Novice: 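Below you'll find the structure I mean.
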Amino acid sequence: MLCCWIVSVISMNWFINGGILETKAGLLGDGGKMWLKCLEKVSGNSCKIHHLYYQYIGSKRIRKTWWRKLLVAWIVGWITVSVWIFWYMSSQAFEKRKETLASMCDERARMLQDQFNVSMNHVQAMSILISTFHHGKNPSAIDQRTFARYTERTAFERPLTSGVAYAVRVMHSEREQFENQQGWTIKRMDTFEQSPVQKDDNVAKALEPSPIQEEYAPVIFAQDTVAHVVSLDMLSGTEDRENVLRARASGKGVLTAPFRLLKTNRLGVILTFAVYKTDLPSNAMPNERIQATDGYLGGIFDIESLVEKLLQQLASKQTILVNVYDITNQSHPISMYGSNVSDDGLEHVSALNFGDPFRKHEMRCRFKQKPPWPWLAITTSIGILVIALLIGYIFHATMNRIAKVEDDYNEMMELKKRAEAADVAKSQFLATVSHEIRTPMNGVLGMLHMLMDTELDATQQDYVRTAQDSGKALVSLINEVLDQAKIESGKIELEAMQFDLRAIMDEVLALFSGKAHEKGVELAVYVSDGVPEMLIGDPGRFRQIITNLMGNSIKFTKKGHIFLTVHLVEEVMDSIDVETESSSRNTLSGLPVADRCRSWVGFKTFNPEGSSHTLSPSSSDLINLIVSVEDTGEGIPLEAQPRVFTPFMQVDPSISRKYGGTGIGLSISKCLVGLMNGDIGFVSIPDIGSTFTFTAVFSNGCSNSNDSKLQKQRLKTQTNTMSSKFQGMTALVVDPKPVRAKVSRYQIQRLGIHVELVLDLNQGLSSISNENKVVNMVFIEQEVWDKDSSISALFVNKLQKIVSGVSTKLFLLGNSLSSRTNTATSGVYTPSVITKPLKASMLAASLQRAMGGNKGNPCNGEHPSLSLRKLLVGRKMLIVDDNKVNLMVAAAALKKYGADVVCADSGQKAIKLLKPPHKFDACFMDIQMPEMDGFEATRRIRDMESNWHIPILAMTADVIQATYEECQRCGMDGYVSKPFEAEQLYHEVSRFLQPTSSANL
């Protein structure tokens, strides 16, 4: 059930979102499809979901239709909700206002009723008082004066009455006697009511006498406030007569209808109580009450004053309007207090009970002001509606954005397809161009190399070398352009193989030593002792970086030196705090240089907040190198320094015309350094020089793998062969410059020789004269030797006297082949000149010649050829290439090393020749051939082999990475690019073939 619920909810979200899951590259990447796959696994109904997704969500037209309907429904729905919220909150406010009015009105009605009942009780008590002290005593204890004083003093007990009067019951037969006794005539009440309001208290004297009737009720006692009613017959007034008759029959207080009071002209009522004989029982019948009636006591209530006093007692009297009505006649209610004017239609009615069951009264209350606007309801409903509309707008904008993103995505995908097709076409174009250019160049260089093996005079050899140099420069340019293309396409990758870094440094020295001699520039390399002998990485790309940097230094340096150093990052980091600015005495040539410490300012390796965990020295498997190339050349102008690493950018347009080059070497170097998890930087001072520094991360080559052991053993054997003759010897180096002396010591120590450094010849003699020390050789810097010929001659003479029985050899370290020794020296101590740059192999050869050993130089450039001859002599090789020139060149190159070569010009012939069993030791297969290329031929050869495997090496001018990957996929064992180079050929062939014991060396 939970899975179904999740499916239904997410499906509903699909409909609402309108295809968000489909937007890969815009908002969610591949998230939509990934969620869809997870949902398919949960629901177990993948086909149905897949169908619904593409039917309802995948369709752009349906999605827009659903969304528009949903948006309209959303707006209408929330408008309805907002109206309902407004109505609900308004009704709640109205009900609250209504309850407030009811509470206030009921409170006022209750207070008015309570106060009226208190006054009514006092009036009734006064009626009992009159019955007791007037009618119950003879003579009466009450007269007008006593009654007036008593009522005046007890008025506080009747706060709602404006006056009290007592009318006695007089029969017609007793009228004359009564009038004579009172001294006034009984007057008519109705005449008094019709007269205008009088302010004179003697107005009763002008009234007409009461007409003859069965009985009379003249007022005999009255409070001073109503003394004008004395002598008036209460039974002569219509309203008063009815109240008097109802009062004596019921025994309760009765009220009159509202009327205008005399003198004040304010609305009021009269409360009438009958005064009975004292012996009347409480349960007497109406007739008995009538018979027992002695008189009538009336209390006059000023209703307007009564209500006003009540409202003045309440703090909120100003908030509502109060009306009091007599509703005895429902059709014609009589207003007793208040105004009918009100702006608010809201009204509350509270019932009033004044004790008279016949008369009905009520209080009607209204607010004085109109009800305020329901701002809370208005703001809440409008706010909710605005929020809902904003959400709808956001969703609408989101859907429009999604639709735009989808359109952009579709356009992007189309552009991507075009770009991929263009990239494939570019790669194919580069491969074709590379092959088509390098193939004839292979023939040209191969033929030139073959031509060099023939008998040529000096001029012809010079022409051939010039042609070879031009061809190699063209091949180098092609390689740089292809590297830049691979960098732009992101297809450049690094190899991981074991190599000897010091050997690579020697190769770089050998590459640039000729140009350094021509320009008179001192060239040197120093590798720290902490750098392991063997590293694992890409030696070719590492050599390429150093070659680019050294090539630029050679190109722009006319005097001074070029110094290549390699250290561990940890060593440099430990010495940063004590590093001082370089001075002229602390450089290789004595000329000032740009401080190398400034070239690594932005390196992440030296940034404590940077992500340098991969460069941590705590990892024993990772070797972190920092390489610097220091020169004393022209330097880089300040305005050109920001664009140094920009492809195809020269410092100045005239540079390419003056020095040549494409301007992409540094750009390629920066990319390669990045692939090696390093950084590259520089510091340059115009007319002083430049220092380029980069870092690179390699693995430690001291592993236990078999390949590593074999490679290490092979290199160790070569090193031992080169240095075994010099192990245990001691050498003395005389050089006043510490940096240059350190370089000399580094190269000499590589031969196993212990080295001691001194600053001048005198210190050298002191060191040699030590009886406990045997010095086998002395290396003197040419600068020291030529400084003073007399001192040099004296040094030779003293050297002859000091040494006895030990053949101490004397060597001069010079910067050019034209260095000459001092003519003052002779005999066995005539110094031999060793030309810089120093290399271990060249030093070994010079020492062997000086000590009477092999005159050749087995450790120099002939080594790859000798190694190849050991590998290839007597081997049967098959070369497959459709180009006859390439076949000729390749065959000649292999035959040169003693191989037995068979040629084939097509893939079909190669398949026939390599059908097992056969006697071939290896096959060099061209890749791009008509009818059947090298890939297909290799696949078919591998299909024919069962327990047979022949090494097949790709032989092509195409150096694109994709080609190398395809070679691996089709079953090839290696890769040799054209034209053949002895070192690369040796490296690939040595993986499969072992040296033959019968090799003719």
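In this text, all values refer to a predicted model and were calculated from it rather than measured experimentally.
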Novice: Any idea which heavy atoms bring H567 and T565 closest together, and the distance?
Specialist: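 Taking every non-hydrogen atom into account, CE1-CB, 3.8 Å.
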Novice: Heavy atoms only: give me the nearest M955-A890 pair and the separation to one decimal.
Specialist: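 Closest heavy-atom pair between M955 and A890: SD-CB, 4.2 Å.
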Novice: Name the orientation class of the two ring planes belonging to Y526 and Y746 (parallel below 30°, tilted from 30 to 60°, perpendicular beyond 60°).
Specialist: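 Ring orientation of Y526 relative to Y746: perpendicular.
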Novice: Supply the atom-to-atom distance D538 CG to E495 CD, rounded to the nearest 0.5 angstrom.
Specialist: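 It comes to 5.0 Å.
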Novice: Any heavy-atom pair between the side chains of L666 and L549 that's under 4.5 Å?
Specialist: yes
Novice: Check the pair V627, I545 against side chain to side chain contact (heavy atoms under 4.5 Å, CB included), reporting the backbone distance first and the verdict last.
Specialist: CA-CA 10 Å; V627 182; I545 298 172; over 6 Å; no
Novice: Can you check whether R940 reaches M932 side chain to side chain, under 4.5 Å on heavy atoms?
Specialist: yes
Novice: Step through the shown structure and confirm whether more than 12 heavy atoms of other residues, nucleotides or ligands are within 6.0 Å of NZ on K742.
Specialist: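 Buried by this count: over 12 neighbours within 6.0 Å.
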Novice: Does a donor on one side chain and an acceptor on the other come within less than 3.5 Å for S699 and D621?
Specialist: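 No, D621 and S699 have no side-chain donor paired with an acceptor closer than 3.5 Å.
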Novice: Nearest 0.5 angstrom please: I680 CD1 to C671 SG, how far?
Specialist: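 The CD1 atom of I680 sits 11.0 Å away from the SG atom of C671.
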Novice: Under 3.5 Å, is there a donor-acceptor pair between the side chain of Q460 and the main chain of D457?
Specialist: yes
Novice: Classify the angle between the aromatic ring planes of F499 and F698 as parallel (below 30°), tilted (30 to 60°) or perpendicular (above 60°).
Specialist: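 Aromatic pair F499/F698 classed perpendicular.
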Novice: Supply the atom-to-atom distance R543 CZ to L501 CG, rounded to the nearest 0.5 angstrom.
Specialist: 10.5 Å
Novice: Measuring from atom CG of D881 to atom CG of L887, what distance do you get when rounded to the nearest 0.5 angstrom?
Specialist: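 The CG atom of D881 sits 5.0 Å away from the CG atom of L887.
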Novice: Return yes when atom NZ of K876 has more than 12 non-hydrogen atoms of other residues, nucleotides or ligands closer than 6.0 Å, and no otherwise.
Specialist: yes
Novice: Report yes if some heavy atom in the side chain of S906 is under 4.5 Å from a heavy atom in the side chain of D882; otherwise report no.
Specialist: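 Side-chain contact under 4.5 Å: no.
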Novice: Starting from the C-alpha separation in whole Å, work towards a yes-or-no answer on side chain to side chain contact (heavy atoms under 4.5 Å, CB included) for C923 and V880.
Specialist: CA-CA 8 Å; C923 173; V880 184; 4.0 Å; yes
Novice: What heavy-atom pair brings A844 and F726 nearest, and what distance separates the two atoms?
Specialist: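 Taking A844 first and F726 second, the nearest heavy atoms are O-CZ, 3.7 Å.
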Novice: Quick one: does Q747's side chain have a donor or acceptor within less than 3.5 Å of a partner on L838's backbone?
Specialist: yes
Novice: Measure the shortest side-chain to side-chain distance between F924 and L878 over non-hydrogen atoms and say whether it is less than 4.5 angstrom.
Specialist: no
Novice: So which heavy atom on H517 is nearest to which on P837, and how close?
Specialist: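 Residues H517 and P837, closest heavy atoms: NE2-CD, 3.7 Å.
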Novice: State whether R502 and E533 are salt-bridged, where the test is any N-O pair (Lys NZ or Arg NE/NH1/NH2 against Asp/Glu carboxylate O) under 4.0 Å.
Specialist: no
Novice: Show the nearest heavy-atom pair for residues C967 and I927, with the distance to one decimal.
Specialist: SG-CD1, 3.6 Å
Novice: Between R750 and D506 (salt bridge meaning N to carboxylate O under 4.0 Å), is one present in this structure?
Specialist: yes
Novice: What verdict does the side chain to side chain contact (heavy atoms under 4.5 Å, CB included) test give for I623 and V697, after you've listed the backbone C-alpha separation in whole Å, the side-chain angles of each residue and the deciding distance to 0.1 Å?
Specialist: CA-CA 6 Å; I623 303 300; V697 179; over 6 Å; no
Novice: Verify, without hydrogens or angle tests, whether N700 (side chain) and L622 (backbone) share a donor-acceptor contact under 3.5 angstrom.
Specialist: no
Novice: Measure the CG-OH distance between L872 and Y897 for me, rounded to the nearest 0.5 Å.
Specialist: 8.5 Å
Novice: Do L847 and M777 come close enough that some side-chain heavy atom pair is under 4.5 Å?
Specialist: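 In contact.
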Novice: When you measure from the side chain of K836 to the backbone of A524, do you find a donor-acceptor pair of N or O atoms at a distance under 3.5 Å?
Specialist: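 Pair absent, no side-chain N/O of K836 close to backbone of A524.
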Novice: Any salt bridge linking E945 with R942? Criterion: basic side-chain nitrogen under 4.0 Å from a carboxylate oxygen.
Specialist: yes
Novice: Counting C-beta onward and ignoring hydrogens, is there a side-chain heavy-atom pair between V527 and V525 closer than 4.5 Å?
Specialist: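 In contact.
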Novice: Side-chain contact, heavy-atom cut-off 4.5 Å: L456 with Y463?
Specialist: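 Counting from C-beta outward, L456 and Y463 never come under 4.5 Å.
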Novice: Which distance, rounded to the nearest 0.5 Å, do you find between the CD1 of I952 and the OG1 of T938?
Specialist: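 Here the rounded value is 4.5 Å.
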Novice: Please tell me whether Q468 and R465 have a donor and an acceptor in their side chains that are separated by less than 3.5 angstrom.
Specialist: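 The criterion, which ignores hydrogens and geometry beyond distance, is not satisfied for R465 and Q468.
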Novice: Salt-bridge test for D943 and R939: reply yes if a basic N is under 4.0 Å from a carboxylate O, no otherwise.
Specialist: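 Here D943 does not pair with R939 in a salt bridge, since their nearest N and O are not under 4.0 Å apart.
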Novice: Go through the steps to decide whether L672 and Q544 satisfy the test side chain to side chain contact (heavy atoms under 4.5 Å, CB included), and finish with yes or no.
Specialist: CA-CA 9 Å; L672 295 178; Q544 182 178 358; 3.7 Å; yes
Novice: Can you confirm whether S628 sits close enough to L564 that some side-chain heavy atom of one is under 4.5 Å from a side-chain heavy atom of the other?
Specialist: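 No; the side chains remain at least 4.5 Å from each other.
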Novice: How close do I504 and P539 get, counting heavy atoms only, and between which atoms?
Specialist: CD1-CB, 3.5 Å
